[in-house]
*Asks:* 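This structure is in structure tokens; I'll ask about it shortly.
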Amino acid sequence: MGIYFNPGNEGFRKAAESKIYIDKSGLLNFTNELFREEKNCVSVSHARRFGKSQAAEMLESYYSRGCNSKELFSPLEISKSPDFEKHLNKYNVIHVDVSSFADDYKNDIVKAIKATLFKEIKTVYPDVDYNSSTASILAGVYEKTITPDNPNGIKFVIILDEWDCVIRNFSDSPELVHEYMQFLHAMFKSKEAKTFLGLGYITGILPIKKIKDESALNNFKEYTMIQSDELTPYFGFTEEEVRTLCTQYDMPFDSVKEWYNGYLINGKHMYNPNSVSEAMQKKKIAPYWKNTSAFETINTFITMNFDGLKEDIIAMLSGEKIYVNVRNFENDFSTIANKDDALTALIHLGYLAFDEEERSAYIPNYEVSDAYQSAISKGNWTEVAKTISRCEELLLMTIKKKAEKVAELIALSHETYTSILKYNDENALSCAITMAYFTAPAYYTVVREFPSGKGFADIVMIPRADSGNKPAMIIELKYDKTADAAIRQIKENRYSGLLSGYGSEVLLVGINYDKDTKTHECVIESALIK
């Protein structure tokens with residue numbers, strides 16, 4: 001049992017026996033099928049903290065001959081498969097986290113991986129020529145496992161975690177990239193690999209980049225944040241799984257959904273598993289995904305000087321979806337050439353979600369919105385940052401029915417976003433209102449009806465159970481009319497269905513913008529919706 005060759009099952013055991021563990025062992029039914037196929041290599045590129053590494057540890061624990069994992073997997077879904085024991089701990093497994101070598105060895109990454117890996121393999125199979133090529137060494141090890149009792153020999157399962165870190169971080173070192181791609185070719189694509197490789201499994205952030213004159217990975221089946229097909233349920237938490245956790249930990253599902261849901265992958269609503277687990281264990285809903293690298297990554301892409309990019313980011317932050325062409329992205333952060341590339345990069349990083357049916361990008365949830373807020377506050381969007389910083393004040397002033405102050409803050413928001421957007425009409429005002437109440441989803445379920453050319457926009461805010469007794473709000477927007485007219489329209493019970501039976505104070509907020517005088521007016525009243 002080694003660290004990289006035939007590792008044990010300690011890593012996955014720790015995960016499986018932790019307080020929160022969602023059984024994803026059904027993934028093994030999929031990988032087991034690949035041993036029967038000629039195309040037996042898989043690439044999974046998903047955002048960080050979506051369970052890629054845990055899945056890799058599960059694969060090593062299940063396939064590795066360096067441990068006995070029957071007891072560990074017996075309670076899990078895979079144990080019900082007729083092939084459960086056929087593949088259990090039957091293979092020579094190589095599992096390497098490439099990023100750990102990249103951090104320590106820089107331009108000597110490939111040499112370091114080979115030296116470390118072959119040193120371990122040599123302790124088990126000493127009678128192999130270790131001065132030959134990588135493919136020949138692995139083929140030689142495989143040949144040693146062919147015996148009269150096992151004429152098919154012992155195949156390799158090769159798992160590379162963060163395989164793409166070399167492509168992402170060393171794009172300015174083409175010789176290193178070439179050396180690395182040749183190393184991958186030896187393990188996954190060489191003539192010898194067709195004999196010794198039972199399964200190839202790599203994980204990363206980006207889909208496989210098509211590098212000129214390199215074909216090391218063109219035999220991989222790819223699963224991404226955009227197209228994950230049958231593997232979708234195995235990365236992230238499904239809505240059913242989150243509902244179960246909320247019941248178990250007595251957490252408000254509606255709030256958990258608002259904060260961590262929103263990724264629509266192959267028609268399934270997927271939640272950020274790391275954030276959900278943190279929220280359950282700490283009994284607190286908070287932004288667990290944001291960190292310094294997140295700020296830097298978001299700012300890298302949203303501040304690129306591509307025509308329309310800033311406008312599209314603001315539109316998405318206000319709740320809209322934006323069409324994006326994801327097909328021309330070259331899977332390389334160093335070659336972002338246009339707005340679509342920047343948005344596609346954010347999709348793969350998990351900072352945007354993608355609606356495949358509408359071919360559009362959007363902000364998936366409030367946690368991600370909060371990450372954008374933090375990034376903007378540290379970046380060069382000074383006016384936007386200033387406006388967002390006043391959102392909590394606006395919410396408080398609305399609750400306190402300080403209509404004049406609300407009108408003042410709405411005016412600030414409208415001025416800021418109109419300077420960014422290419423239009424100055426009801427749509428711009430709607431966007432400004434939504435952005436002015438940017439932090440409201442932290443406490444409310446926000447229902448929006450955006451303008452459809454009829455000259456008005458409405459927002460209904462329904463407080464969630466854990467919102468701290470905040471009142472519900474109905475916000476009606478008028479353009480070139482009066483705030484009183486907006487209040488009258490609300491009183492026609494246009495939204496009584498949404499708040500039927502609410503039984504507590506509801507704030508009616510009427511806002512009007514006069515395009516001639518460029519002034520904003522606000523009226524706030526209390527009412528009881530029955």
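Small disclaimer: the values here were computed from a predicted structure and weren't measured. All residue numbers in this chain count up from 1 along the given sequence.
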*Asks:* Using atom types as modelled and distance alone, determine if a side-chain donor or acceptor of N512 lies under 3.5 Å from a backbone N or O of E521.
*Replies:* no

*Asks:* Minimum heavy-atom separation for I347 to I226, with atom names?
*Replies:* CG2-CG1, 3.7 Å

*Asks:* Quick check on side chain to side chain contact (heavy atoms under 4.5 Å, CB included): which of L421, T387, I388 does T416 satisfy it with?
*Replies:* T387

*Asks:* Can the ring centroids of Y263 and F50 be said to lie less than 6.0 angstrom from one another?
*Replies:* yes

*Asks:* Is it true that E241 and K24 make a salt bridge, defined as a side-chain N closer than 4.0 Å to a carboxylate O?
*Replies:* yes

*Asks:* Without swapping roles, check the side chain of D229 against the backbone of L231 for a donor-acceptor pair under 3.5 Å.
*Replies:* no

*Asks:* Examine distances only and state if a side-chain atom of Y444 and a backbone atom of P471 form a donor-acceptor pair shorter than 3.5 Å.
*Replies:* yes

*Asks:* Find the distance between CG (L396) and CZ (R390) and round it off to the nearest 0.5 Å.
*Replies:* 12.0 Å

*Asks:* Decide if atom NZ of K19 counts as having more than 12 heavy atoms of other residues, nucleotides or ligands within a radius under 6.0 Å.
*Replies:* no

*Asks:* Taking ring pair (Phe, Tyr, Trp, His ring centres under 6.0 Å) as the criterion, tell me which of F301, W289, Y362 meets it with Y351.
*Replies:* W289

*Asks:* Check the side chains of T238 and K268 for a donor-acceptor pair under 3.5 angstrom, ignoring hydrogens and angles.
*Replies:* no

*Asks:* Mind checking the SG-NZ spacing from C522 to K405? Nearest 0.5 Å is all I need.
*Replies:* 13.0 Å

*Asks:* Give a yes or no on whether the backbone of L76 and the side-chain of D23 come within a donor-acceptor separation of less than 3.5 Å.
*Replies:* no

